[in-house]
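First comes the structure, then the notes that go with it.
So that the names make sense, note that chain A is the first sequence line, chain B the second, and so on, each numbered from 1.
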Amino acid sequence: MEAVRRTLRPLVEGQGIRCVHVFHPIATKPQSAPELVRKVHGRAIRAVERKGKYLWLALDNGGLVTLHFKLDGQLLWFANGRELLKRANADVAHAGVHVDVAFELDKGVLGFADRRHFGRVQYWENEASCPGLAVLGVDALSKEFTADKLGELLSLSKRPLKEFLLDQSRIAGIGNIYSCESLWHARLNPLRRAYTLSQGQARRLHKAIVSVLRRALECCLHPAPDFRDPEWWFQGLEKIIRAYDREGKPCRRCGEVIRRISQGGRSTYFCGRCQR
DNA sequence: CCTGCTACCTGATGGC
DNA sequence: TGCCATCAGGTAGCAG
């Protein structure tokens, strides 16, 4: 999401929103689509911000449009309204592309698409009024996320490390892939209870989280996303992945077979020998 | 407060 | 081929 924010910023910052289209109203649920259109029409985009996995357009009236991609959401970019209306939800043979919501700006059109319809585009009067945003803990890429802060959070939780890392209300921005990867790098077993870590282990985990996220961000920015291509997806992430989705393959550190278990309804991949 | 379960959707993949 | 089960980068809402 940070790579998306950085790429999107120069495209939209400072631009006026001339027209809002909601092609699939499910994308604004439980908010009403006409209300989103009414509130956002004619406003200007002051900034593009992010916390955890929430991305938002900060508007000139203090309001915001939050974009949450869930599992499959993505941004699209069209040259103008004519191109948008020609291609949005049209036949693939006619360069059609699935679009849920679109914002016609002074120069270009920003689209939001999620065929699975988990993702959301919503309007809020201020940051505090968006519940999902309000409950987020410290952002994992922020300077407030220090080793001491992580140590303190760990000491307050009895949950297994893997579930602890996925809890956005403690640390925001770590998902299933990066939690597996961080624990692999820190050589910590995902089933370990958070509060049982020593200070040294907490520092190791902090270092692992930060380095995994920084390297993933570098990866996702080179090359940067091209929102004009609806097929676009992050390139080169595979080359930094060490444990995720490697069930049955050898651990890249010790050679033991990577295991897959279920924790909190999600898959966890780890090495049972070198992660302790 | 905390934890665990289910729902929300669509599409890809693999076994038979 | 078809059919069915399972899986997917996330969160919200609910019961206990």
Once you round it to whole Å, what is the distance between [atom2] of [N] and [atom1] of [X]?
X      : N      : atom1 : atom2 : value
A/R246 : C/dA8  : CZ    : P     : 17 Å
A/Y244 : C/dA8  : OH    : C1'   : 7 Å
A/D167 : B/dC2  : CG    : C1'   : 11 Å
A/E2   : C/dG9  : CD    : C1'   : 17 Å
A/D114 : C/dT11 : CG    : C1'   : 13 Å
A/I241 : C/dA8  : CD1   : P     : 14 Å
A/R266 : C/dC7  : CZ    : P     : 13 Å
A/L67  : C/dG10 : CG    : C1'   : 15 Å

Considering every strand and a 4.0 Å limit on heavy-atom distances, what is the contact class for [X]: base, sugar-phosphate, or nothing?
X      : answer
A/Y269 : sugar-phosphate
A/F69  : nothing
A/K53  : sugar-phosphate

Could you measure between the two [atom1] atoms, the one in [N] and the one in [M], and give it in whole Å?
N      : M      : atom1 : result
C/dC3  : B/dC9  : P     : 25 Å
B/dC5  : C/dC7  : P     : 16 Å
B/dG11 : C/dT11 : P     : 22 Å

Check: Do you know which two heavy atoms are closest between A/S179 and A/L165, and how far apart they sit?
Finding: CB-CB, 3.9 Å
Checklist line | Of the listed nucleotides C/dT11, B/dT3, C/dA8, the one nearest the side chain of A/Q168 | finding: C/dT11
Next item on the list: Compare side-chain N and O positions of A/S267 against OP1 and OP2 of C/dA8 and report whether any pair is under 4.0 Å apart.
Entry: yes
Next item on the list: Determine: side-chain N/O of A/H68 to OP1/OP2 of C/dT11, distance under 4.0 Å, yes or no.
Entry: yes
Checklist line | Base partner of C/dA15, which must satisfy Watson-Crick or wobble distances under 3.5 Å | finding: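 Paired with B/dT3.
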Note to self: With a 3.5 Å limit on both atom pairs, tell me what B/dC8 is paired to, counting Watson-Crick and G-U wobble, or say none.
What the structure shows: C/dG10
Item checked: Centroid-centroid distance, A/F78 to A/F227, less than 6.0 Å ->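 Distance test on ring centres: not under 6.0 Å, no.
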Notebook entry, point to check: Does any N or O in the side chain of A/H206 come within less than 3.5 Å of the main-chain N or O of A/F145, such that one atom is a donor and the other an acceptor?
Noted result: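 Yes, A/H206 side chain to A/F145 backbone: donor-acceptor pair under 3.5 Å.
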Notebook entry, point to check: Can you check whether A/Q199's main-chain N or O pairs, donor with acceptor, with A/Q201's side chain at less than 3.5 Å?
Noted result: no
Next item on the list: Sorted by first residue and then second, give each side chain to side chain donor-acceptor pair (under 3.5 Å) pair with at least one member in residues 253-267 of chain A; sequence neighbours left out.
Entry: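 Checked against side chain to side chain donor-acceptor pair (under 3.5 Å) - neighbours excluded - the pairs reaching residues 253-267 of chain A are A/E247-A/R260, A/E256-A/R273, A/R260-A/S267, A/Q263-A/T268.
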Margin query: How about CZ on A/R9, more than 12 heavy atoms from neighbouring residues, nucleotides or ligands closer than 6.0 Å, or not?
Written below: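 Not buried by this count: 12 neighbours or fewer within 6.0 Å.
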Margin query: Between A/R6 and A/E2 (salt bridge meaning N to carboxylate O under 4.0 Å), is one present in this structure?
Written below: yes
Check: What residues, two or more places apart in sequence or in another chain, satisfy ring-ring contact (aromatic ring centres under 6.0 Å, His included) together with A/F103?
Finding: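 Applying ring-ring contact (aromatic ring centres under 6.0 Å, His included) to A/F103 gives none.
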Polar atoms only, N or O, under 3.5 Å: list the protein pairs with nucleotides 5-11 of chain B and their distances.
unit_1 : atom_1 : unit_2 : atom_2 : d
B/dC9  : O2     : A/R116 : NE     : 2.6
B/dG11 : OP1    : A/R115 : NH2    : 3.3

